[in-house]
Structure formats: structure tokens, C-alpha cells
Number of protein chains: 2
Amino acid sequence: MNDQVSKQQPIDPKHLALQKTLDIICGKWRLYIIYQLGTEARRYGELRRMIPAISEKVLIQELKALVSLGVVEKKSYNEVPPRVDYSLTEKGLQVLPTLLKLTAIGELFLEP
Amino acid sequence: MNDQVSKQQPIDPKHLALQKTLDIICGKWRLYIIYQLGTEARRYGELRRMIPAISEKVLIQELKALVSLGVVEKKSYNEVPPRVDYSLTEKGLQVLPTLLKLTAIGELFLEP
DNA sequence: TACGTTACAAACCAAAAGGTTAGTGCTATT
DNA sequence: AATAGCACTAACCTTTTGGTTTGTAACGTA
């Protein structure tokens, strides 16, 4: 009707930070992948075996996403058969302790 | 090929707890609603005004979900016009500090 | 020569999440 | 009499997420 008031809502910086956090941890497997990486680098196939319920496509997709978010880094060694491993970046390691505390929340709400 | 090994994957309790946590915080608005409730009860209309970008339907939907998860509680006062308010449950308050730390993660990854 | 291993990519599909719009019952205000 | 405020509900639609399946290149092994 009247668009003098532009649609830009005042962007709450807290909201922005929360959204970024959600980008990183939301998704059925994100947190669990981060958790499995922990402090050790893991090969793609290793991760597959550690999380058998995830599909290949989704694992790769999630790893890619985590790489582009800057949480995980990927190293390819030029070998045959191919060899690739994934590990947490420095920032990823920084936030790991906070993320691991999230299991406590789940545990609290799991008990009846 | 051979299904002697049943498909039931060993349910990692960590994974279970993480999934529960994700149930609680995932969703575009969940965390922000929890954050807005903080330690005060808020009326439905108040929340709407505090988070203008959310649609009515989604706000109610998320509040319902949070109530059934045991994070939020709802009180209806029998008045006209209707009056309802939402607040964190005891468990909700317990986990609030951990959840608030998540903004720090977002902030870390927001900076270039 | 056929097959397995490794780390993917592409095509396709179903379910879930998020969103728009309109309508409800009651009262108070204009 | 029409409108607005409150706290919703219902119908519908689009986008995102997660998943299955098949294919790939390079080599080693049976």
C-alpha cells in the first residue's frame, strides 16, 4: 500500500550471529560430523564408516558446506587410489568445546 | 548381498543427544524465540512485534513445538480479549546460558 | 579380463520447513 | 454499522533438505 517505510527490518546483530551459528550446526549430520572430526583428521571413507547411516552424497555435501563455512578443511594428496582427508580448521577447533556442550542439553531433555 | 549383519546401526548415545539438541534449536526462529523469551514471560503479540519478520503461522507453530519439547510453557488467562503468555520452563532456563554462548560462534564466523 | 577400491558428480525424487492468505469468535472503539 | 485488536486455525504453495541410484577415472588384485 505504501512503501515509504522500506521493508528492511532493523537487523538485530544477535539474530545475525544466531543465524550464522545455525548455518553451521543445523542439519541432521553437521554437528555429528564435527564431533567425529574432533581433533583428528579423517579420511572420507573413514567418516563413511564411522557414520554408516549417512548417504555418500549427503556426507560430501555436508563436508563441502562445512569447508565453505570455514569450519573444516580438506586436504587432497595426489595419490592413486585417491586420498583425501578432512579436519577442523583453527576456528573449528576454537568452537568445538562449546559445541560439545550441546550434548548436555539433549541429555537433559531426553530424560522424562 | 548378505543380511546376517542386521541393519540396526548401533545407536550412539552422543548422536541421540545431539539429535535431541538439534530438535530444540534448529529451525530459522527457534533460538531467537528462546533468546527473546529470556527470563521474562511474553505475550504472543509482544513476540510478534519483537520479531516482525516471522509470520504468524510460523511463530505459533514454533511456540507449540517448543512447548511440546518442554522448553517453553504457555499460560492462558481467561479474559476477553484473549491473553496468553509464553515463558521458559525450568529446563529451558537451565539451558539458556549454553544457548546464549552460541552467538559467540556466529560472531567468530561472521568476521572475515 | 573382470572386479574392487577410492572419492566423488549428476539426475532425480520425497518429505519437511517455511511462507502467504483468508477466516474465526469475542469485545471495544469510532 | 464498520473497524480494529487479540490469539489463533486451515488451506495452499514454494523452497530446502535429505535420500537413492547410477556413473566416473585411475590403478591394484584375482
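Just so it is clear: chains get the letters A, B, ... in the order the sequence lines come, proteins before strands, and each one is counted from 1. Quick caveat: nothing in here was measured; it's all calculated off a predicted structure.
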Of all the nucleotides listed ([options]), which has the minimum atom distance to the side chain of [X]?
X	options	value
Gln61(A)	dT20(D), dT20(C), dG18(D)	dG18(D)
Tyr44(B)	dT20(D), dC8(D), dC8(C)	dC8(D)
Glu62(A)	dT20(C), dC6(D), dG18(D)	dG18(D)
Val58(A)	dA10(D), dG25(C), dG19(D)	dG19(D)

Distance below 4.0 Å between [X] side-chain N/O and [N] OP1 or OP2:
X	N	value
Lys64(B)	dC8(D)	no
Lys74(B)	dC8(D)	yes
Tyr86(A)	dC8(C)	yes
Arg43(A)	dA7(C)	yes

Could you state the atom-to-atom distance from [atom1] of [X] to [atom2] of [N] in whole Å?
X	N	atom1	atom2	value
Arg83(A)	dG28(D)	CZ	P	17 Å
Arg48(B)	dT9(D)	CZ	P	14 Å
Glu46(B)	dC8(D)	CD	C1'	17 Å
Leu47(B)	dC8(D)	CG	P	11 Å
Glu79(B)	dG25(C)	CD	C1'	16 Å
Ile60(A)	dT22(D)	CD1	C1'	14 Å
Ile51(A)	dG18(D)	CD1	P	13 Å
Leu59(A)	dT6(C)	CG	P	14 Å

Spell out, as yes or no, whether a donor-acceptor pair under 3.5 Å connects the side chain of Thr21(B) to the backbone of Gly106(A).
yes
Judged by atom type as modelled, is there a donor-acceptor pair below 3.5 Å linking the side chain of Thr89(B) to the main-chain atoms of Val71(B)?
yes
Residue closer to the 5' end of DNA chain D, Glu56(B) versus Val80(B) (nearest nucleotide)
Val80(B)
Cationic tip of Lys75(A) above Tyr86(A) ring, under 6.0 Å, 45° of axis
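Output no; distance or angle outside limits.
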Strand-adjacent residues in residues 16-32 of chain A, judged by heavy atoms under 4.0 Å from DNA chain D
Gly27(A), Lys28(A), Trp29(A)
Interatomic spacing from NZ in Lys14(B) to CG in Leu18(B) - rounded to 0.5 Å:
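One gets 8.0 Å once the value is rounded to the nearest 0.5 Å.
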By nearest nucleotide on DNA chain C, pick out whichever of Val84(A) and Lys57(A) is the more 5' one.
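Closest to the 5' end, via its nearest nucleotide, is Val84(A).
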Is the shortest side-chain heavy-atom distance between Lys20(B) and Thr103(A) below 4.5 Å?
no
Is the closest side-chain heavy-atom distance between Gln94(A) and Leu88(A) below 4.5 Å?
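The answer is no, as the side chains (C-beta and beyond) never meet within the 4.5 Å cut-off.
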Evaluation steps, salt bridge (charged side-chain N to carboxylate O under 4.0 Å, His left out), between Arg42(B) and Glu40(B):
CA-CA 6 Å; Arg42(B) 297 286 187 187; Glu40(B) 303 179 61; 3.4 Å; yes
